Structures are given as C-alpha cells and as structure tokens.
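One structure is given below, encoded as structure tokens.
Just so it is clear, the structure is predicted and the values come from calculations on it, not from any experiment.
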Amino acid sequence: MDTSFPREDPRAPTLGKAGGAAPVALMLGAPSPPPRDHLIWSIFSTIYLNLCCLGFLALVHSVKARDQKVAGDLEAAQRYGSKAKCYNILAIMWTLVPPLLLLGLVVTGALHLSRLAKDSAAFFSTKFDDADYD
C-alpha cells in the first residue's frame, strides 16, 4: 500500500511527458469585481447622520450584503449593497440639506432686513421745512 503524500492520480494527464495533454484554462470574460457593501459609509451614517434611522437601515443592508458576499450569492449581495448605498445617500441628503436651506434663508433674510433698515433710516432722517406744515 502506497502512503506517500501527495498522491497522484495515475489516470490524470501529466505535464511534460510525451503524449500527455496539457490542461487548458478558458477565460470567458474579465472577472467582475465583488459587489460593494458600503459598510464603513454605513457605520459613519449610523453614528453621525442617523436622521429618521436611515443610517441604521443602511447599516443593516450593508451587513446583509457582506453576509451574502461571504455566502457566495453575489446577486443578492449586489441588491443589498445597492439598497445600502441608497439609504446612505438619503441619510446624507436628509441631514445636510435642511440646515443648508435654513442657512440660506437666514442669510437672505438678513440681507433683506438690512436693506429695509437702510431705506427706513433714510426716511426718518428727512428734514421738513416750516412751509410743509402749513
């Protein structure tokens, strides 16, 4: 009984021997990169941008995408990763747009009020003659 390791299959073709067929590898296309799960972005969104729990939803879908990628189901991982990306974008939009809009309203309101104050100051500094009261 042969107990040597590694064992070779006597039926397998050998390389370098006469009459042996060399194995052929066919590349049908460029390998696609693995789907992204956006986990770091989701953690950031959960900690800092968690308005309406959108950051938490992004984190849940990111973890599901990573689990599906490890399990080998790349299509489901792509779907969960896409949902996580959408929730992250929504979390950023819901967190950053309202304060920026409020800042814009405050600035334009302040400019409008300063123009009104300047015009009213000119109105109250008008000097009238005694003939105006007759």
Side-chain angles (χ1 to χ4, degrees):
M1 176 178 239
D2 183 21
T3 58
S4 64
F5 187 78
R7 295 187 184 116
E8 295 181 11
D9 187 8
R11 295 170 291 171
T14 58
L15 295 175
K17 290 186 179 178
V24 177
L26 295 176
M27 292 296 291
L28 298 177
S32 62
R36 299 192 56 177
D37 54 11
H38 307 286
L39 187 64
I40 302 297
W41 188 11
S42 298
I43 291 171
F44 178 80
S45 293
T46 301
I47 293 172
Y48 295 109
L49 308 171
N50 201 18
L51 186 70
C52 299
C53 295
L54 290 173
F56 182 70
L57 285 173
L59 182 63
V60 167
H61 282 87
S62 293
V63 170
K64 285 183 180 182
R66 181 155 293 191
D67 289 344
Q68 293 298 322
K69 187 167 46 172
V70 169
D73 189 2
L74 297 181
E75 184 178 326
Q78 179 68 34
R79 276 188 281 121
Y80 284 124
S82 176
K83 286 182 184 179
K85 181 179 178 181
C86 289
Y87 283 129
N88 281 323
I89 291 171
L90 282 174
I92 288 174
M93 295 295 288
W94 276 85
T95 305
L96 296 180
V97 169
L100 290 176
L101 185 64
L102 183 65
L103 179 68
L105 288 173
V106 167
V107 167
T108 56
L111 290 174
H112 182 69
L113 287 175
S114 70
R115 183 172 295 153
L116 280 176
K118 189 170 130 180
D119 292 343
S120 65
F123 175 75
F124 288 116
S125 65
T126 305
K127 301 225 185 233
F128 295 105
D129 294 332
D130 290 332
D132 292 335
Y133 295 112
D134 290 332

As an exercise, state the distance from [atom1] of [X] to [atom2] of [Y], rounded to the nearest 0.5 Å.
X	Y	atom1	atom2	answer
Lys64	Arg79	NZ	CZ	10.5 Å
Gln78	Glu75	CD	CD	9.0 Å
Leu74	Ser32	CG	OG	7.0 Å
Asp73	Asp67	CG	CG	11.5 Å
His38	Cys86	NE2	SG	9.0 Å
Ser62	Lys83	OG	NZ	12.5 Å

- Validation row: Ile89, Trp41 side chains within 4.5 angstrom (heavy atoms):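 Side-chain contact under 4.5 Å: yes.
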- Task: Might you point out which heavy atoms bring Thr95 and Ala91 nearest each other, and give the distance in Å?
- Result: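 Closest heavy-atom pair between Thr95 and Ala91: OG1-O, 2.7 Å.
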- Task: Mind listing the closest non-hydrogen atom pair of Thr46 and Gly55 along with its distance?
- Result: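 Shortest heavy-atom separation between Thr46 and Gly55 comes out as OG1-O, 2.7 Å.
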- Message: Under a 3.5 Å threshold, yes or no: a donor from one side chain and an acceptor from the other, between Ser45 and Asn50?
- Response: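 No, no side-chain donor-acceptor pair sits under 3.5 Å.
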With hydrophobic residues grouped by side-chain heavy-atom distances under 4.5 Å, do [X] and [Y] end up in a single group?
X	Y	answer
Leu96	Ile43	yes
Tyr48	Ile92	yes
Leu105	Leu103	no
Val60	Ile47	no

- Item | Test log, rule side-chain contact (heavy atoms from CB on, under 4.5 Å), inputs Leu39 and Leu59 | CA-CA 7 Å; Leu39 187 64; Leu59 182 63; 3.9 Å; yes
- What pairs meet the ring-ring contact (aromatic ring centres under 6.0 Å, His included) rule with one or both residues in residues 85-118, with sequence neighbours excluded?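 Only His61-Tyr87 qualify under ring-ring contact (aromatic ring centres under 6.0 Å, His included).
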- Message: Around atom NZ of Lys85, are there more than 12 heavy atoms from other residues, nucleotides or ligands closer than 6.0 Å?
- Response: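 Incorrect, the count does not exceed 12.
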